[in-house]
Amino acid sequence: MGNAVSGTLDAVCIAATAGAPMSSRSGVEAIVGRGLLGDRYESGIGTFSGRFEVTAGARHVSIIDAMAIAECNARLVANLGACDLRRNLVIRGLDLDALHGAVIAIGDVRLRLTGGCPPCGYLSRLLGVDARLGLRHIGGARASIIEGGWLTVGALVHVLASQGR
């Protein structure tokens with residue numbers, strides 16, 4: 001795959017505690033072995049912290065494609081924003097489903113896509129809409145941080161290595 005530009009980082013969202021509203025940031029520090037500084041999963045207090053993890057670090061970061069947000073809104077006839085869907089990073093122009101196991105770079109940060117991020121009943125309850133219907137097969141991906149640094153909105157995204165599906 002080389003270092004071809006695959007997309008851009010459109011949004012960064014974090015929540016300090018489980019269930020708290022996600023807030024948009026212009027940037028955030030990604031910490032190896034922990035997550036995004038100030039996010040509930042970095043602190044180990046996210047709703048699903050320590051549960052359902054098959055791969056170590058699988059909940060460091062959640063990522064969704066901007067087009068998936070638009071598709072979710074169309075399916076639900078809604079106007080949900082990037083942070084409403086409780087994913088940490090919104091990337092434009094990256095086919096997350098085709099990149100399971102890939103290593104991507106966002107600026108100096110390196111992430112390994114560890115698996116899907118399907119919508120759950122918990123998200124539906126928080127939003128008051130059927131997020132499972134809205135995000136069916138387009139819920140995004142989870143990633144572990146393998147090289148930390150600063151993530152900044154507008155940064156270019158590169159696919160460094162792809163294992164594909």
Side-chain angles (χ1 to χ4, degrees), residues 1-49 57-74 76 78-100 102-119 123 126-127 131 134-135 138-162:
M1 287 244 150
N3 282 337
V5 174
S6 298
T8 58
L9 179 59
D10 274 9
V12 174
C13 303
I14 63 171
T17 60
M22 301 280 284
S23 61
S24 180
R25 301 278 196 256
S26 60
V28 68
E29 184 178 0
I31 303 169
V32 174
R34 301 275 307 269
L36 303 181
L37 186 63
D39 188 62
R40 69 239 187 253
Y41 287 102
E42 180 264 336
S43 302
I45 57 172
T47 300
F48 299 102
S49 288
R59 293 197 186 275
H60 287 172
V61 180
S62 55
I63 306 172
I64 193 166
D65 188 309
M67 295 304 293
I69 297 170
E71 176 65 21
C72 176
N73 280 321
L76 298 176
N79 189 26
L80 299 169
C83 293
D84 294 328
L85 297 176
R86 305 194 66 76
R87 305 305 190 255
N88 296 121
L89 306 179
V90 179
I91 295 176
R92 184 170 305 278
L94 193 68
D95 182 359
L96 295 171
D97 284 337
L99 293 174
H100 178 72
V103 174
I104 63 171
I106 305 173
D108 293 332
V109 175
R110 303 294 181 263
L111 304 168
R112 179 172 308 281
L113 301 179
T114 57
C117 193
L123 179 60
L126 286 176
L127 293 175
L135 291 173
I138 57 170
R142 291 190 180 99
S144 60
I145 300 168
I146 56 177
E147 192 171 321
W150 194 258
L151 293 167
T152 305
V153 171
L156 298 178
V157 179
H158 302 273
V159 177
L160 300 180
S162 179

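Throughout, numbering of the chain's residues begins at 1 and tracks the sequence.
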Does the side chain of Leu89 come within less than 4.5 Å of Val12's, by heavy atoms? yes
What one should report as the nearest heavy-atom pair of Ala141 and Leu113 is CB-CD2, 4.4 Å
Please lay out, stage by stage, how Val61 and Leu36 fare under the test side chain to side chain contact (heavy atoms under 4.5 Å, CB included). CA-CA 7 Å; Val61 180; Leu36 303 181; 4.0 Å; yes
CD1 of Ile63 to CD1 of Ile91, rounded to nearest 0.5 Å, is 4.5 Å
For the pair Arg110 (side chain) and Leu160 (backbone), establish whether a donor and an acceptor sit closer than 3.5 Å, ignoring hydrogens and angles. no
Atom CG of Asp97 and atom CD1 of Ile138: how far apart are they, to the nearest 0.5 Å? 9.0 Å
Quick check: closest heavy atoms across Ser23 and Cys83, and the distance to 0.1 Å? C-SG, 3.9 Å
Under 3.5 Å: donor-acceptor pair, side chain of Asn73, backbone of Ala70: no
Could you give me the CA-CA distance, side-chain angles and deciding distance for Leu111 and Ile145, then say whether side chain to side chain contact (heavy atoms under 4.5 Å, CB included) is met? CA-CA 5 Å; Leu111 304 168; Ile145 300 168; 3.6 Å; yes
Is the backbone of Arg92 close enough, under 3.5 Å, to the side chain of Asp65 for a donor and an acceptor to pair up by distance? no
Of all heavy-atom pairs between Ala82 and Ala11, which one has the smallest distance, and what is that distance? CB-CB, 4.0 Å
For Arg142 and Pro118, which heavy atoms make the closest approach, and how far apart are they? NH1-CD, 4.2 Å
For Leu94 and Ser6 the tightest heavy-atom approach is CD1-CB, 3.2 Å
Quick one: are Asp95 and Leu99 in side-chain contact, heavy atoms under 4.5 Å? no
Sub-4.5 Å side-chain heavy-atom contact between Leu123 and Arg87: yes
Has Asn88 got a side-chain atom pairing as donor or acceptor with Cys13's backbone, closer than 3.5 angstrom? yes
What are the two closest heavy atoms between Cys72 and Leu80, and how far apart are they? SG-CD1, 4.2 Å
Point-to-point distance, once rounded to the nearest 0.5 Å, from CG of Asp39 to OG of Ser62: 7.5 Å
Once rounded to the nearest 0.5 Å, what's the spacing between atom CD1 of Ile64 and atom CG of Leu135? 5.0 Å
Quick one: does any side-chain atom of Thr152 pair with a main-chain N or O of Gly27 as donor and acceptor, under 3.5 Å? no
Would you say the side chain of Arg40 lies within less than 4.5 Å of the side chain of Arg86, judging by non-hydrogen atoms? yes
Do Leu37 and Arg25 make a side-chain contact, defined as non-hydrogen atoms from C-beta onward lying under 4.5 Å apart? no
